[in-house]
Amino acid sequence: MNDVALAITGASGAQYGLRLLELLLAARVRVYLMISSAAEVVIETETALALPKQNAEAQQRYLAARFGAKDGQLSVLARDDWFAPVASGSSSPMPLVICPASGGTLSAIAHGSSNNLIERAADVALKERRTLILVPRETPYSEIHLKNMLTLTRLGAVILPASPGFYQQPKSVSDLVDFIVARILDQLGMSQRLMPRWGESGNEHPQGNTQQDAHKE
Ligand SMILES: Cc1cc2nc3c(=O)[nH]c(=O)nc-3n(C[C@H](O)[C@H](O)[C@H](O)COP(=O)(O)O)c2cc1C
């Protein structure tokens with residue numbers, strides 16, 4: 001796998017998406033990144049990043065520098081970039097991760113709205129039967145949320161809620177973030193050593209995160 005599309009929407013938990021971006025870039029994956037307007041607000045609220053607003057090129061420069069991306073490795077796509085590869089089924093297939101995924105975006109995808117590039121990219125992933133990983137963050141869930149998630153899982157999307165487990169005895173917020181990011185990397189088929197695997201040594205006596213990387217398969 002060489003390319004991954006990643007969308008960060010306006011649910012709480014921007015850290016999940018940003019950590020995933022960091023690890024994908026470190027693993028030399030080419031990343032097509034989409035950031036919703038609401039996600040910009042959440043990133044500003046929840047993180048120390050000074051992400052430029054409403055400007056994909058400036059965001060690309062900022063994030064590439066921040067995470068040490070190689071030249072051409074990171075493309076930040078504008079919300080109406082209908083000529084981006086993710087906007088068409090005739091492009092090279094790549095998995096799409098929406099992390100975190102807001103209830104609003106889940107609804108739009110479940111109903112095929114395609115009103116912005118993130119929704120269109122998900123619509124393409126579903127119609128082409130490509131990997132679509134959705135990381136919702138909401139609590140409690142309404143019947144609408146649950147119905148939309150049921151619709152989406154039946155269509156082949158993976159619903160991977162941002163609900164970290166605690167059996168690794170997390171010592172920090174980063175450990176909780178890495179728990180979810182590790183599960184996403186597993187779904188992408190990428191090897192990762194963010195935490196010991198269940199049934200392997202390390203689970204019986206949790207050590208926290210000793211290795212912090214992901215690898216392209
Ligand atoms: C700080 C903050 C936290 C939010 N947390 C959530 C959340 O956890 N889940 C959710 O579905 N929406 C959350 N929202 C509301 C969404 O951002 C809002 O519904 C928005 O329209 C989603 O748009 P998007 O899907 O295009 O990003 C939050 C908004 C803000 C500003």
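When a ligand or atom number is given, it counts from 1 through the structure's own listing order.
More than 12 heavy atoms of other residues, nucleotides or ligands sit less than 6.0 Å from atom CZ of Arg130. The number of heavy-atom neighbours closer than 6.0 Å to NZ of Lys127, taken from other residues, nucleotides and ligands shown, is above 12.
Of the candidates Gly103, Ala14, Ala101, the one placing a heavy atom closest to atom 11 (O) of ligand 1 is Gly103. Nearest to atom 13 (C) of ligand 1 by heavy-atom distance, out of Gly104, Ser36, Gly10, is Gly10. Counting heavy atoms only, Ser102 comes closest to atom 22 (C) of ligand 1 of the residues Ser37, Ser102, Gly13, Ala11.
For the pair Arg19 and Tyr16, the cation-pi criterion (under 6.0 Å, within 45° of the ring axis) is not fulfilled.
Under the 6.0 Å cut-off for aromatic ring centres, Tyr167 and Phe179 qualify, their centroids lying closer than that.
Nearest non-hydrogen protein atom to atom 9 (N) of ligand 1 is Arg137 O, 2.7 Å. The protein non-hydrogen atom at the shortest distance from atom 31 (C) of ligand 1 is Val41 CG1, 3.9 Å. Protein heavy atom in closest approach to atom 10 (C) of ligand 1: Glu138 OE2, 3.4 Å. Protein heavy atom nearest atom 2 (C) of ligand 1, with residue, atom name and distance: Val42 CG2, 3.7 Å.
Here the shortest heavy-atom pairing between Gly17 and Ile8 reads C-CD1, 4.0 Å.
The shortest N/O to N/O separation between Ala38 and ligand 1 does not fall below 3.5 Å. No N or O atom of Glu46 sits closer than 3.5 Å to an N or O atom of ligand 1. For the pair Ser12 and ligand 1, the shortest N or O to N or O distance falls below 3.5 Å. Considering backbone and side-chain N/O of Thr105, one or more are found under 3.5 Å from N/O of ligand 1.
Interface of Thr9 with ligand 1, defined as ligand atoms under 4.0 Å from a residue heavy atom, comprises 25 (O), 27 (O).
Using modelled atom types and a 3.5 Å distance limit, the side chains of Gln60 and Ser75 yield no donor-acceptor pair. Judged by distance alone, the side chains of Ser37 and Arg79 do bring a donor and an acceptor atom under 3.5 Å apart. Looking at Gln59 and Glu40, their side chains do bring a donor and an acceptor atom within 3.5 Å of each other.
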Test Asp186 against Arg197 for salt bridge (Lys or Arg N to Asp or Glu O under 4.0 Å), laying out the working first.
-> CA-CA 11 Å; Asp186 285 347; Arg197 288 188 180 280; 2.7 Å; yes
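Counting only heavy atoms, the protein gets under 4.0 Å from atom 24 (P) of ligand 1. For atom 18 (C) of ligand 1, no protein non-hydrogen atom is found at a distance below 4.0 Å.
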